[in-house]
Amino acid sequence: MRTVIVLARHELRLLVSLLLWVGRRRHGVGDGRAFGYARGQGAVMAGFGFVCLIEAFTMSVLLRDWPALHTAVLILDAYTLVLLAGVAAAWRVRPHVLDDGALRVRHAAHVDLRVPLDRIAAVRHETRSTHERADGELNLAVGSQTSVTLELTEPVAHVTFLGRRRDVHVVRLHADDARDLVRDLERVLTRVRNVPSPSPDPPG
């Protein structure tokens with residue numbers, strides 16, 4: 001039952017993303033600076049969409065003599081195309097977001113991880129195309145590639161797609177303008193770290 005609820009919530013996020021895309025709006029940016037990560041993925045999603053259309057047309061021809069089954073499969077194929085469009089939309093309307101408190105790391109509608117700035121020990125521009133599974137590491141590759149690496153002073157909790165909690169101390173992500181993200185993040189980190197601590201109250 002829990003899995004069904006998780007999948008339903010995910011599909012809802014995809015549909016909301018599609019509506020935001022149509023309305024040319026973005027999710028959760030507010031006063032922060034957005035960094036996209038989906039450049040170049042349009043052709044891939046278009047390819048998936050074309051394959052789905054061919055499959056829908058083929059099934060429509062094969063099932064034309066079974067009206068009830070034909071209608072059911074046609075509805076399922078149409079909904080699949082809507083969800084695929086929702087995935088494409090989520091890549092664009094749910095960017096990474098940097099503000100004065102955290103870096104919000106996202107991956108379409110699948111991952112939404114808030115990394116507080118005071119937990120970031122180091123950030124660097126680092127292009128990697130191979131990612132081995134390791135405890136405490138989260139790799140959010142786009143096109144099998146990450147371009148920014150975050151090392152944390154202490155772990156942050158990442159909840160997986162199916163609700164399992166993982167503590168991660170290294171986060172690798174991709175950004176279209178990775179150097180800009182690293183530069184801006186370093187600037188904000190410097191400002192945050194240079195804020196003087198409040199003076200203790202005098203005794204008595």
Side-chain angles (χ1 to χ4, degrees), residues 2-3 6-7 9-14 16-17 21 26-29 32-48 83-84 86-99 101-189 192:
R2 182 178 178 180
T3 300
V6 169
L7 292 174
R9 287 177 178 172
H10 182 256
E11 290 186 9
L12 180 60
R13 286 195 292 268
L14 293 180
V16 169
S17 298
W21 190 21
R26 291 181 295 185
H27 178 272
V29 175
R33 181 173 179 188
F35 293 88
Y37 48 85
R39 186 182 300 159
Q41 292 299 302
V44 176
M45 299 307 297
F48 281 129
L83 290 183
L84 186 62
V87 172
W91 283 101
R92 288 160 177 78
V93 304
R94 297 174 182 268
H96 306 308
V97 181
L98 173 63
D99 58 33
L103 175 64
R104 191 172 181 179
V105 177
R106 304 204 276 192
H107 200 254
H110 318 313
V111 176
D112 192 338
L113 176 67
R114 187 178 185 275
V115 182
L117 296 182
D118 59 8
R119 294 195 188 184
I120 299 178
V123 55
R124 61 181 177 273
H125 177 257
E126 179 184 46
T127 301
R128 295 180 60 140
S129 56
T130 57
H131 305 87
E132 297 181 359
R133 284 183 172 272
D135 289 339
E137 296 185 2
L138 176 63
N139 299 302
L140 302 176
V142 177
S144 302
Q145 178 176 288
T146 58
S147 53
V148 177
T149 299
L150 305 176
E151 295 180 358
L152 309 183
T153 57
E154 58 182 286
V156 296
H158 163 58
V159 180
T160 65
F161 181 77
L162 292 179
R164 187 169 65 90
R165 177 191 167 108
R166 289 183 59 212
D167 288 336
V168 297
H169 56 80
V170 174
V171 180
R172 298 187 181 93
L173 57 128
H174 179 68
D176 296 332
D177 301 310
R179 295 185 188 278
D180 289 344
L181 172 55
V182 171
R183 184 185 64 248
D184 286 4
L185 181 53
E186 287 177 336
R187 184 183 300 126
V188 174
L189 288 173
V192 170

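Note: E126 CD to R172 CZ = 6.0 Å, rounded to the nearest 0.5 Å. Taking CG of L98 as the reference point, atom CZ of R104 lies at 13.0 Å (rounded to 0.5 Å). One finds the CZ atom of R179 at 10.5 Å from the CZ atom of R183 (value rounded to the nearest 0.5 Å). Between the CG atom of L150 and the CG atom of L113 there is a distance of 9.0 Å, given to the nearest 0.5 Å. The CG atom of D180 lies 12.0 Å from the CG atom of L185; values are rounded to the nearest 0.5 Å.
Across F35 and D184, no two heavy atoms sit closer than the pair CZ-OD2, 3.7 Å. Across all their heavy atoms, L181 and A175 have their closest contact at CD2-CB, 3.9 Å. Pairing each heavy atom of L84 with each of F48, the nearest pair is CD2-C, 3.7 Å. Pairing each heavy atom of D176 with each of A38, the nearest pair is OD2-N, 3.4 Å. The heavy-atom pair separating P116 from V156 by the smallest distance is CD-CG1, 4.0 Å. Shown here for G32 and V97, the closest heavy-atom pair between the two residues is CA-CG1, 4.0 Å.
Tested against L138, the residues R166, H169, H131 include a single side-chain contact (heavy atoms from CB on, under 4.5 Å) partner, R166. When R94, R26, R92 are each tested for a side chain to side chain donor-acceptor pair (under 3.5 Å) with S17, only one passes: R94.
H27 and R13 are not linked by any side-chain donor-acceptor pair at a separation below 3.5 angstrom, with hydrogens and angles left out of the test.
For H96 (side chain) and R106 (main-chain N/O), a donor-acceptor pair under 3.5 Å exists by modelled atom type. Under a 3.5 Å cut-off, the side chain of N139 and the backbone N or O of A141 do not form any donor-acceptor pair. Judged purely by atom type and a 3.5 angstrom limit, R119 has no side-chain atom pairing as donor or acceptor with the backbone of T153. Between the side chain of Y37 and the main chain of A178, no donor-acceptor pair closer than 3.5 Å is present.
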Given I120 and L117, is the side chain to side chain contact (heavy atoms under 4.5 Å, CB included) satisfied, shown in steps? CA-CA 5 Å; I120 299 178; L117 296 182; 4.1 Å; yes
Kindly determine whether V105 and V115 satisfy side chain to side chain contact (heavy atoms under 4.5 Å, CB included), including the steps that lead there. CA-CA 7 Å; V105 177; V115 182; 4.2 Å; yes
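A heavy-atom distance below 4.5 Å is found between the side chains of V87 and L14.
A parallel orientation is assigned to the rings of H10 and H110, their planes being inclined by less than 30° (bins at 30° and 60°).
Taking the six-membered ring for Trp and the full ring otherwise, H174 and H107 have centroids separated by 6.0 Å or more.
Contacts of L12 classified as side chain to side chain contact (heavy atoms under 4.5 Å, CB included), with partners at least two apart in sequence or in another chain: V16. Residues passing the side chain to side chain donor-acceptor pair (under 3.5 Å) test with H125: none are found, sequence neighbours excluded. With sequence neighbours left out, R9 forms a side chain to side chain donor-acceptor pair (under 3.5 Å) with no residue at all.
Residue-environment remark: CZ (R124) exceeds the threshold of 12 foreign heavy atoms within 6.0 Å.
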